[in-house]
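Report on one structure; see the data block that follows.
Bear in mind that the values here come from a model prediction, so they are computed numbers and not experimental data. Both counts, for ligands and for their atoms, begin at 1 and track the order of listing.
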Amino acid sequence: MEQKINIRLSFIALLAVVFVTAANLLVFYNLFRTQITNDLKMNARMLMETEVFQREYDSLGNDPEMLSSSTLNKLETGDVRLTWIAEDGTVLFDNDAGASGLANHLDRPEIQEAMTNGEGESIRSSQTLGMDTYYYALRLENGTVLRVSTQAHAIAGVFFRSLPIVAVVALLIFGICIVLGHALSRQIIQPIEKMAEEIDKPTSEPPYKELEPFAAKIRTQHENLLEAVKTRQDFTANVSHELKTPLTAISGYAELIENGLADPESEKHIAQQIRANSDRLLQLINDTIQLSRLDHGETGNNNEEIDLYKAASECCRNLKVSAERNNILLTCDGRSAAIRGDEEQIKELIENLVQNGIRYNNAGGYVRVSVRHEDGHAVLSVRDNGIGIAKEKQSRVFERFYRVDKSRSRDSGGTGLGLALVKHIAEIHNADIEMESTPGVGTVISVHFPEISSVSIQSVS
Ligand code: ADP
């Protein structure tokens, strides 16, 4: 992270240095050009005013041949080249190359401009590499043109000359960027590290505003994780505890037989107890395996098309014997309703609800299973006229190992996991559970599944 910040800062600095240098160069170069042209203008006017020039100018009026190059050469022009051009473009005098060798100057842009406008300027690349020549031409009253010129560095030349300074400045800025980047990244990262260390403390505040949503999310996730770990630990402890009871019973009964303490009359009872406890153990193990599968996100084949009514009828058939044994009237009615999900899981859900209806009922009671359509939902209802559940306990019965009456649940083969499984399976199938229960009157648990339109399921009458 720190390295990334450093690289980005340095890159931004480099861009800034390049742009600022380029912009400065352009601005100063323009100023420089204006300055040179102004200097040339001033030079031309000063030269015109000199006595030497005036004298030559006057004598020129009569005859160009009268112009004395040697006199004009005496003029102090410094670096400035002076050229005097006749109206027809002939070079009358040039203090640099001499007049005779020079070609007609009428085609030069500054001369043409001066001829028409009185004065003219132009800049041309010089023969010397990296230099430009600046020209200023002035038409005199007699129609001849006085031209002054000088050489100066071209923009590329100025740029190359400024490169070392630019490089030094860039290096300096790079250095500053690395130091700043380091400090900046520390400033950003350190509070995050601190926050990570103190994530357990509920009072710890995020170091800056921008981190608030992130901190809140992390904290929630952390809390959820702790909660999940605790639930799992509790679950493991509960399972171990639940396993212990039937195993202790089985071991006790086996010991009776082993020591020859079981008389022939009680033998049958002992065998029954061993079987009941083994069944409980098996049920407990089955439910635990199911729950842990669901916990690990195993959703089964969640895309089967299931006829909810058909599944309910099958479950009722399977539990008919158990209902009769408990003197409970078990009925199933309704119409075909197509839902999508895992058939095994759906049957598990229905059986758990029906079994509870039988288990927490009174002899002579009933359990009515029905399937109906309601607002685009397939609704499974399991109604009983059993012992019911008190209002304050209704929300808790879906917790793992929560039982209203522990001994009644155990005696009837309950594991305390049935409704937890129901809740889990319903969630996987996007179904909502509704519970209505009154102690002494009975319980109705309805599961609302999203219904799908089906062509394969035929209405069962
Ligand atoms: P169990 O295996 O003990 O039946 P469940 O998770 O299925 O576990 O149910 C939790 C508790 O909810 C039961 O122990 C029982 O006290 C109560 N309960 C569940 N269904 C009914 C019902 N239909 N009528 C009355 N009480 C019920």
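Remark: ligand 1 and Ile389 share no N or O pair separated by less than 3.5 Å (distance only, no angle test). An N or O contact shorter than 3.5 Å is missing between Ile387 and ligand 1 by distance. Remark: ligand 1 and Gly418 share an N or O pair separated by less than 3.5 Å (distance only, no angle test).
Salt bridge present: Arg45 and Glu119 bring a charged side-chain N and a carboxylate O closer than 4.0 Å. The pair Arg293-Glu344 does not count as a salt bridge, with every side-chain nitrogen at least 4.0 angstrom from each carboxylate oxygen. Electrostatic pairing of Glu223 and Arg219 does not count as a salt bridge here, judged by no charged N lying under 4.0 Å from a carboxylate O.
The part of Asp384 lying near ligand 1 is the side chain, judged by heavy-atom distances below 4.0 Å. Contacts between Phe398 and ligand 1 below 4.0 angstrom, taking non-hydrogen atoms only, are absent altogether. The residue Gln355 has no part lying near ligand 1, judged by heavy-atom distances below 4.0 Å. Contacts of Val397 with ligand 1, taken as heavy-atom pairs under 4.0 Å, involve both backbone and side chain. At a heavy-atom distance under 4.0 Å, atoms from both the backbone and the side chain of Val404 approach ligand 1.
Ile425 CD1 to Leu291 CG: the interatomic distance, rounded to the nearest 0.5 Å, is 8.5 Å. We find the CD1-CD1 distance between Ile339 and Ile346 to be 4.0 Å, quoted to the nearest 0.5 Å.
The Arg359 neighbourhood of ligand 1 comprises atoms 2 (O), 4 (O), with distances under 4.0 Å to a heavy atom of that residue. Counting the atoms of ligand 1 from 1 in the order shown, those under 4.0 Å from a heavy atom of Ser409 are 1 (P), 3 (O), 14 (O). Interface atoms of ligand 1 facing Leu419, defined by a heavy-atom separation under 4.0 Å, are 5 (P), 6 (O), 7 (O), 9 (O), 19 (C). Interface of Gly416 with ligand 1, defined as ligand atoms under 4.0 Å from a residue heavy atom, comprises 1 (P), 2 (O), 3 (O), 6 (O), 8 (O). Those atoms of ligand 1 that come under 4.0 Å of a heavy atom in Tyr402, given as number and element, are 10 (C), 11 (C).
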(Q) Ser122 vs Glu110, test: side chain to side chain donor-acceptor pair (under 3.5 Å). Steps then yes/no. (A) CA-CA 6 Å; Ser122 78; Glu110 70 279 5; 2.8 Å; yes
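Using modelled atom types, no side-chain atom of Ser266 and backbone atom of Ala262 make a donor-acceptor pair closer than 3.5 Å.
Not close to ligand 1: Asn352, with no non-hydrogen atom less than 4.0 angstrom away. The shell of residues lying under 4.0 angstrom from ligand 1, judged by heavy atoms, excludes Gly386.
With Tyr135 as the aromatic partner, Arg124 meets the cation-pi criteria of under 6.0 angstrom to the ring centre and within 45 degrees of the ring axis.
Legend: salt bridge (charged side-chain N to carboxylate O under 4.0 Å, His left out) pairs involving residues 361-375, not counting sequence neighbours, sorted by first then second residue: Arg372-Glu374. Residue pairs meeting the side chain to side chain donor-acceptor pair (under 3.5 Å) criterion with at least one member in residues 22-34, sequence neighbours excluded, are Tyr29-Asp132.
Among protein heavy atoms, the minimum distance from atom 13 (C) of ligand 1 is reached at Tyr360 OH, 3.3 Å. Ranking protein heavy atoms by distance to atom 7 (O) of ligand 1, first place goes to Asn356 ND2, 2.8 Å.
Residues Val367 and Thr331 fail the side-chain proximity criterion, which asks for heavy atoms closer than 4.5 Å.
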